[in-house]
Amino acid sequence: MSVKASADTLKGIPLFADCDAVHLQVLAFSAPKMQFETGSSVVRQGYSGGGQLILSGSVTLQRDDGEGAQIIGHAGPGAFLGEIAMISGRPFALTALAETDVETMRLDKELLFRVAEEYPEFGARIFRALSRRVDAAVSDLGDAKAVFDRARSFSNL
């Protein structure tokens, strides 16, 4: 896949949607491409690592809650796995197993920050996108709190 095509794929990710095409091309050019054979782990729950943008192929998404892995979905080209892991360094919340041969672009925090340092407007756009996501999460938590506040107390059961 060309750098321009990879940058266009990045543009489809909400985190990068408002970023300039040139900055995304720098990111795409700098990010290593990785190949995974059918059946191998693209990301593994509990392990840390950079995000993986699927360029080709498909994966099965699984989560293990301690009672065995359960399939929670499938992902293909354009899906970005490990956005939170990429930014925070936290472990992956799921496992992605290659259903077919898969090619990804690996984006880690160091690369993201290096491009943001070199191009401050890129960093500002990423920061704004993250701020919108945090605002939405806080709003969702407020909605959930309101539901719990209206619910009957468990102590009265």
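None of the values given here were measured: they were computed from a predicted structure.
Minimum interatomic distance between Ala28 and Ser6 (heavy atoms only, all atoms of both residues): CB-CB, 3.7 Å. The two residues Ala129 and Pro14 come nearest to each other via the heavy atoms CB-O, 4.3 Å. When all heavy atoms are compared, the tightest approach of Pro77 to Ser56 is CG-CA, 4.0 Å. Between Ser48 and Gly89, the closest heavy-atom pair is OG-O, 3.3 Å. In terms of heavy atoms, Gly123 sits closest to Ala116 at CA-CB, 3.7 Å. Nearest heavy atoms, Gly68 versus Asp65: O-OD1, 3.8 Å.
Of the residues Thr100, Ile54, Val43, the one that meets the side chain to side chain contact (heavy atoms under 4.5 Å, CB included) test with Val59 is Ile54. Under the side chain to side chain donor-acceptor pair (under 3.5 Å) test applied with Thr104, the options Gln52, Lys33, Gln35 reduce to a single match, Gln52.
Using a 4.0 Å cut-off between charged side-chain N and carboxylate O, Asp108 and Arg106 make a salt bridge.
A distance of 11.0 Å separates NZ of Lys4 from CG of Leu24, quoted to the nearest 0.5 Å. Taken to the nearest 0.5 Å, the CD1 atom of Ile72 stands 4.0 Å off from the CZ atom of Arg63. Here Arg114 contributes atom CZ and Lys109 contributes atom NZ; the two are 14.5 Å apart, rounded to the nearest 0.5 Å. Note that CD1 of Ile71 and CG of Leu94 are 12.5 Å apart. Values are rounded to the nearest 0.5 Å. One finds the CE atom of Met86 at 11.5 Å from the CG atom of Leu81 (value rounded to the nearest 0.5 Å). The distance from atom CE of Met105 to atom OG1 of Thr9, rounded to the nearest 0.5 Å, is 6.5 Å.
Hydrophobic clustering (side-chain heavy atoms under 4.5 Å, transitive across Ile, Leu, Val, Met, Phe, Trp, Tyr) groups Phe113 together with Leu53. By the criterion of side-chain heavy atoms lying less than 4.5 angstrom apart, applied directly or through intervening Ile, Leu, Val, Met, Phe, Trp or Tyr residues, Tyr119 is grouped together with Leu107 in one hydrophobic cluster. A single hydrophobic cluster is not seen to contain both Leu112 and Phe92; linkage of ILVMFWY side chains at heavy-atom distances under 4.5 Å, directly or through other members, places them apart. Criterion: ILVMFWY side-chain heavy atoms under 4.5 Å apart, direct or through other members. Under it, Leu15 and Leu111 are part of a common hydrophobic cluster. The hydrophobic clustering, which links ILVMFWY residues whose side-chain heavy atoms are closer than 4.5 Å, places Leu61 and Leu97 apart.
Atom CD of Glu110 sits in a crowded spot, with more than 12 heavy atoms from other residues, nucleotides or ligands closer than 6.0 Å.
Under the 3.5 Å distance criterion, the side-chain polar atoms of Arg125 are matched with a main-chain donor or acceptor of Asp18. Distance alone, capped at 3.5 Å, is enough to place a donor-acceptor pair between the Thr95 side chain and the Gln45 backbone. A donor-acceptor pair under 3.5 Å is formed between the side chain of Asp101 and the backbone N or O of Thr38.
Classified by interplanar angle (parallel below 30°, tilted 30° to 60°, perpendicular above 60°), the ring pair Phe122/His23 is perpendicular.
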